[in-house]
Amino acid sequence: MLENLPKTYDPKDFEDRLYKFWSDNNYFTPKVDKNKKPFTIMMPPPNVTGSLHMGHALNNTIQDVLTRWKRMDGYEALWLPGTDHASISTEAKVVDKIKSEGKSKEDMGREAFLEEAWDWTHLYGGRIKNQLKKLGVSCDWSREAFTLDENLSKAVEEVFIRLYEKDLIYRGNRIINWCPSCTTAISDAEVEHEDSHGSIWQVRYPLKDGSGHIEIATTRPETMLGDLAIAVNPEDERYKDLIGKTAILPLVNREIPIIADSYVEMEFGTGAVKITPSHDPNDFEVGARHNLGQCIIMNEDGSINEKGGAYKGLERFEARKKIVEDLKEGDYLVAVKDHDNAVGHCERCKTIIEPLISKQWFVKMEPLAKPALEAYYKGEVNFIPERFGKIYTHWLENIKDWCISRQLWWGHRLPVYYCDSCGEVIVSRTPVEKCNKCESDNVRQDTDTLDTWFSSALWPFSTLGWPEKTPDLDYFFPTDVLVTGYDIIFFWVIRMVFSSIEQMGEVPFKDVFLTGLVRDSQGRKMSKSLGNGIDPLEIIDEYGADALRFTLLTGNSPGNDMRFYTERVEANRNFANKLWNATRFVLMNLQEDIGFGQLDLESLEEEDKWIVSKLNKTIKEASDNLEKYELGMGAQRVYDFIWDEYCDWYIEMVKSRLYGSDENSRLTAQKVLVYVLKDILKLLHPFMPFITEEIWQHLPDSNQALIVTSWPKYKSELEFEYSENSIEYIKTAIKHIRNARAEMNIAPSKKATTIFVTKDDVVKSYLENGKRYFINLASAESIQIHDNKDGLGEDNISVVLHKAEAYLPLKELIDFDKEIERLEKEKEKLDGEIKRVVGKLSNQGFVAKAPEKVVEEEREKQRKYEEMLDKVLERLESIKNIK
RNA sequence: GGGCGGUUAGCUCAGUUGGGAGAGCACCACGUCGACAACGUGGGGGUCGUUGGUUCGAGCCCAAUAUCGCCCACCA
């Protein structure tokens, strides 16, 4: 009946097979069942361009732990997977690809380019899904979504139109971040600021009336081509007389006014600022206040346009160089100084961003941010760890309108149409062929697409069928927890929250669990360019998915970065191996057909009750840990129970019964071994799904798959205090005896009669019941229990215990000097403990103010240690006398 | 400029209501005894960055400070 496990643990033997088994049986697919509670997680959709990296492995492992646990705990657990079209990233890759084939976007045209992009998506989009499966993710592939799916696109369009109709989306001429390489506008969040060492140039602009000049300072000299004014602070005495005068823009010879604006800081630079309204956000504001108009001097690719006169056609940094040279030549350049400032780069391609004025579409953020902040302050959204709430509130409190239009082709096209006859702007759910104002058919759709985050902002409900009122949406929304990296709080988390509040009327998730970064062993960020990335698939291939998962879950805490060491994976693989072998031991000692259903509490022996009681506590504590998202602590607790309690102690203690002649005792031991093992597998399953399922299916009476069994429950009737005390006493005694023997260099093969001397009835009962443990685990030949040590002689090793003393008569082996040395060491230890306890207890404040329980514990310790010290001293005395 | 985090054993890190400092790896010694050498047993190793405060009691709370790191920010 019992099929034995292979001798060695090899995850390759079963991981893929089990994934298929779960999948084929639809265990990942929850039903809409009103009698059960739903539990929902939306997987942060990886980009179709990507392949699995450690970051994915980490957050998907966490999601899988939560999902598997909740599924076992009786919930209809939905973990919905999917992928993101990742507009700008994917487009860049496709552009590169066609470029290598000698083609360009423009040559191909929109239709053909999109076909290429879809081909790319189909080719690479599936790759990461298969990689995720290797990790063991129990997500519901039948509900898989893609941001460009028809229904998700419909959701995007619907949201755009609703926001437009509420005046929350508008089109306007504003300063945006322009990437000359991607040739598109990007949002503020997509700009990375990087400190750089640069220069600041001081330039003098002559005054028109010939009365002198005014000096300005700039870090971007090329933008002077677009200068429309010079601004000074109205309070600045130095420039008071110049306000209202006209200056001549060098090299261009444009006449520009000198204006006063309090935005200018007198202390900075020269106190006079050139104003370039079309190429700087602050200047834009100043320009608007003073009606300066606009002067755009750059093309899409960042080169200087016809407004730049002689500099036309130069790339922007070439132009800078040339302009500085010319300024110098014309004696306009006063000084060049070193200057540090933060330069904005495109998050995708790292090109330096050019702020410039452009007509784009924006989401008006303030009305959306407000409820999102309120939701947080009302506790509707919680961050784990809490500190990340500050990032959330800080961003929302300082929010600016969100530029959502992109000059890209891969993505959701704006549902906006322009009439070229009358200029009407039409936003429509259906294609527009005729202007609804002038009835002209001279109508065209906007060629822009939406920021990729616009669609991912809707992920928690668009994936469930919104705007349709689907049963899924009704049942599974709002979701329970979002698991993601702290680096996309404002890209994604915030946008989901306000989108959800706006469209659904409630927050999309209750908890946000934030993961840190997985770094290499030297603490560096893993990156392609550094070549220090560790491929999760290679790790899985070598050590198995379970070991990788366990490594990612333990040894770090939420929101903190972690370093990845293959040594840790190896250690966790060893743990899996330990469990594997423990199971083999259990299986090879089972008799057939004894029935492993219920535990018969009446027949349990001391160590049985002890392990059951310990298991019971572990169930409670591990469940509490999971409840509080303390996944690493929960995993560690289960690990410790398995290795320290079950393997190192329980199995060892029970061996004599398995090999013994007492049939009832033997069968009880077998039953308890299986009983505890089954709960162990359940507790470990969310963390290590493969090995636990594989073992489970080899156990007797386990017809149902482990993945859908029930999570163990704490039961107060399974607490056995006496047994716990008894076994813990025995464990301590065994450790002491082992220690003494090791220190005396007495090999375990040299067995000795062990004589316990005690007057304490409770200890006597512990020892009486525990005789066989000493024989098996402490190299005892036989056990005697005496009331006093009369007639024992002195040729013994003495092991001092609490309320007892153990004697090992090993006459010919005893080296009295060593024995004295060992006892002296013991004495020192006890002296130290007593000193600490007495110190504490002689502090009146402590005795008076500490809780009675704590004080009594300390008193008890004092009695215990003094009692033990007495015996050590007595022993030392008598042994010295012999010498 | 603003905000946040780390600083605990040789290394990497846990330590969540303040009550005798833990794990893994590494190291030393012994061991192949009928699950496991991917192992067992025993051991060494820390004034928890520094200073001050609160408290009977601080790795944990408060205030400074040092140092490393991260995030945000339109000073030309």
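Naming convention: chains lettered A, B, ... in sequence-line order (proteins, then strands); numbering from 1 in each chain.
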Output a table of donor-acceptor pairs, distance under 3.5 Å, between side-chain atoms of residues 835-851 of chain A and any protein atom two or more places apart or on a different chain; print 'none' if there are none.
| unit_1 | atom_1 | unit_2 | atom_2 | d |
| --- | --- | --- | --- | --- |
| A:Ser842 | OG | A:Val838 | O | 2.9 |
| A:Ser842 | OG | A:Gly839 | O | 3.1 |
| A:Asn843 | OD1 | A:Gly845 | N | 2.8 |
| A:Asn843 | OD1 | A:Phe846 | N | 3.3 |

When the nearest nucleotide of RNA chain B is assigned to A:Lys825 and to A:Thr8 on a heavy-atom basis, which residue is associated with the more 5' position? A:Thr8
Decide if atom NZ of A:Lys655 counts as having more than 12 heavy atoms of other residues, nucleotides or ligands within a radius under 6.0 Å. yes
Heavy atoms under 4.0 Å, any strand shown: does A:Tyr9 hit a base, just sugar-phosphate, or nothing? base
Do A:Asn581 and A:Tyr9 meet the criterion of a side-chain donor-acceptor pair at a distance under 3.5 Å? no
Members of residues 553-572 of chain A that approach RNA chain B, where some heavy atom sits under 4.0 Å away: A:Gly555, A:Asn556, A:Ser557, A:Asn560, A:Arg563, A:Tyr565, A:Ala571
Tell me what A:Lys578 touches on the nucleic acid: a base, only sugar-phosphate, or nothing, going by heavy atoms under 4.0 Å. base
Are A:Arg220 and A:Glu354 within salt-bridge range, i.e. N to O under 4.0 Å? yes
Remember a base hit wins even if backbone is also touched, and classify A:Lys400 as base, sugar-phosphate or nothing at under 4.0 Å, heavy atoms. sugar-phosphate
Which two nucleotides bound the region of RNA chain B that has atoms under 4.0 Å from heavy atoms of chain A, read 5' to 3'? B:rG3 to B:rA76
Taking the P atom of each, how far is B:rU41 from B:rC36, in whole Å? 15 Å
A:Asp10 and A:Lys12 ion-paired at < 4.0 Å: no
Gap in Å between the two P atoms, one belonging to B:rC60 and one to B:rG15, rounded: 15 Å
Testing the 3.5 Å rule here: is there a donor-acceptor pair between the side chains of A:Gln670 and A:Arg657? no
So that I can tick it off, tell me whether A:Lys731 and A:Glu728 are bridged by a salt bridge, with the cut-off set at under 4.0 angstrom between side-chain N and carboxylate O. yes
For B:rU50 versus B:rA66, give the span between their P atoms, rounded off to a whole number of Å. 15 Å
Please tell me if the side chains of A:Lys825 and A:Glu743 come closer than 4.5 Å, counting only heavy atoms from C-beta onward. yes
Heavy atoms only, 4.0 Å cut-off, all strands: where does A:Tyr263 land among base, sugar-phosphate and nothing? base
Inter-nucleotide P distance (B:rG52, B:rG42), Å rounded: 41 Å
Looking at A:Lys750, I'd like to know if its NZ atom is crowded, meaning that more than 12 non-hydrogen atoms belonging to other residues, nucleotides or ligands lie closer than 6.0 Å. no
Electrostatic pair A:Glu222:A:Arg320 at N-O distance under 4.0 angstrom: yes
B:rA21 to B:rG34 separation - C1' atoms, rounded to the nearest Å: 40 Å
Using the P atoms only, state how far B:rA37 lies from B:rG46, rounded to an integer number of Å. 34 Å
Heavy atoms, side chains only, cut-off 4.5 Å: are A:Leu777 and A:Met653 in contact? yes
Taking any heavy-atom pair under 4.0 Å as a contact, classify A:Trp643: base, sugar-phosphate, or nothing. sugar-phosphate
Side-chain donor-acceptor pairs of residues 547-557 of chain A under 3.5 Å, sequence neighbours excluded:
| unit_1 | atom_1 | unit_2 | atom_2 | d |
| --- | --- | --- | --- | --- |
| A:Arg549 | NE | A:Phe687 | O | 3.1 |
| A:Arg549 | NH1 | A:Asp64 | OD2 | 2.7 |
| A:Arg549 | NH1 | A:Leu135 | O | 3.0 |
| A:Arg549 | NH2 | A:Asp64 | OD2 | 2.9 |
| A:Arg549 | NH2 | A:Pro686 | O | 2.8 |
| A:Thr551 | OG1 | A:Ala547 | O | 2.7 |
| A:Thr551 | OG1 | A:Asn572 | ND2 | 2.9 |
| A:Thr554 | OG1 | A:Phe550 | O | 2.8 |
| A:Thr554 | OG1 | A:Arg568 | NH2 | 3.1 |
| A:Ser557 | OG | A:Asn560 | ND2 | 3.0 |

When the C1' atoms of B:rG44 and B:rA63 are compared, how many Å lie between them, rounded to an integer? 38 Å
Residue A:Glu386 excluded, over 12 heavy atoms near CD under 6.0 Å: no
Within the 4.0 Å heavy-atom criterion, would you say A:Tyr543 contacts the bases, only the backbone, or no part of the nucleic acid? nothing
In residues 836-846 of chain A, which residues come under 4.0 Å of RNA chain B by heavy atom? A:Arg836, A:Asn843, A:Gly845, A:Phe846
Taking for A:Ala189 and for A:Asn581 the nucleotide of RNA chain B with the nearest heavy atom, the one nearer the 5' end belongs to A:Asn581
Modelled atom types, side-chain donor and acceptor of A:Asp188 and A:Asn177, under 3.5 Å: yes
Please report the distance separating the C1' of B:rU67 from the corresponding atom of B:rA29, rounded so that it comes out in whole Å. 40 Å
In dot-bracket notation, what is the pairing pattern of RNA chain B, taking Watson-Crick (N1-N3 plus N6-O4 or O6-N4) and G-U wobble (N1-O2 and O6-N3) contacts under 3.5 Å, with [ ] crossing and | for other strands? (((((((..((((.....[..)))).(((((.......))))).....(((((..]....))))))))))))....
Pick base, sugar-phosphate or nothing for A:Pro851, based on heavy-atom distances below 4.0 Å to the nucleic acid. base
So what does A:Asp487 touch, heavy atoms closer than 4.0 Å: a base, only the sugar-phosphate, or nothing? nothing
How is A:Glu652 classified with respect to the nucleic acid when contacts are heavy atoms under 4.0 Å: base, sugar-phosphate, or nothing? base
Using a 4.0 Å heavy-atom cut-off across all strands, classify A:Glu630 as base, sugar-phosphate, or nothing. base
Please work out whether the ring planes of A:Trp643 and A:Tyr639 are parallel, tilted or perpendicular, with thresholds of 30° and 60°. tilted
Give A:His339 one of three labels, base, sugar-phosphate or nothing, depending on what nucleic acid heavy atoms sit under 4.0 Å from its own. sugar-phosphate
So does A:Lys853 pair up with A:Glu856, basic N to acidic O under 4.0 Å? no
Under 4.0 Å, counting only non-hydrogen atoms across every strand here, what does A:Lys628 touch: a base, just sugar-phosphate, or nothing? nothing
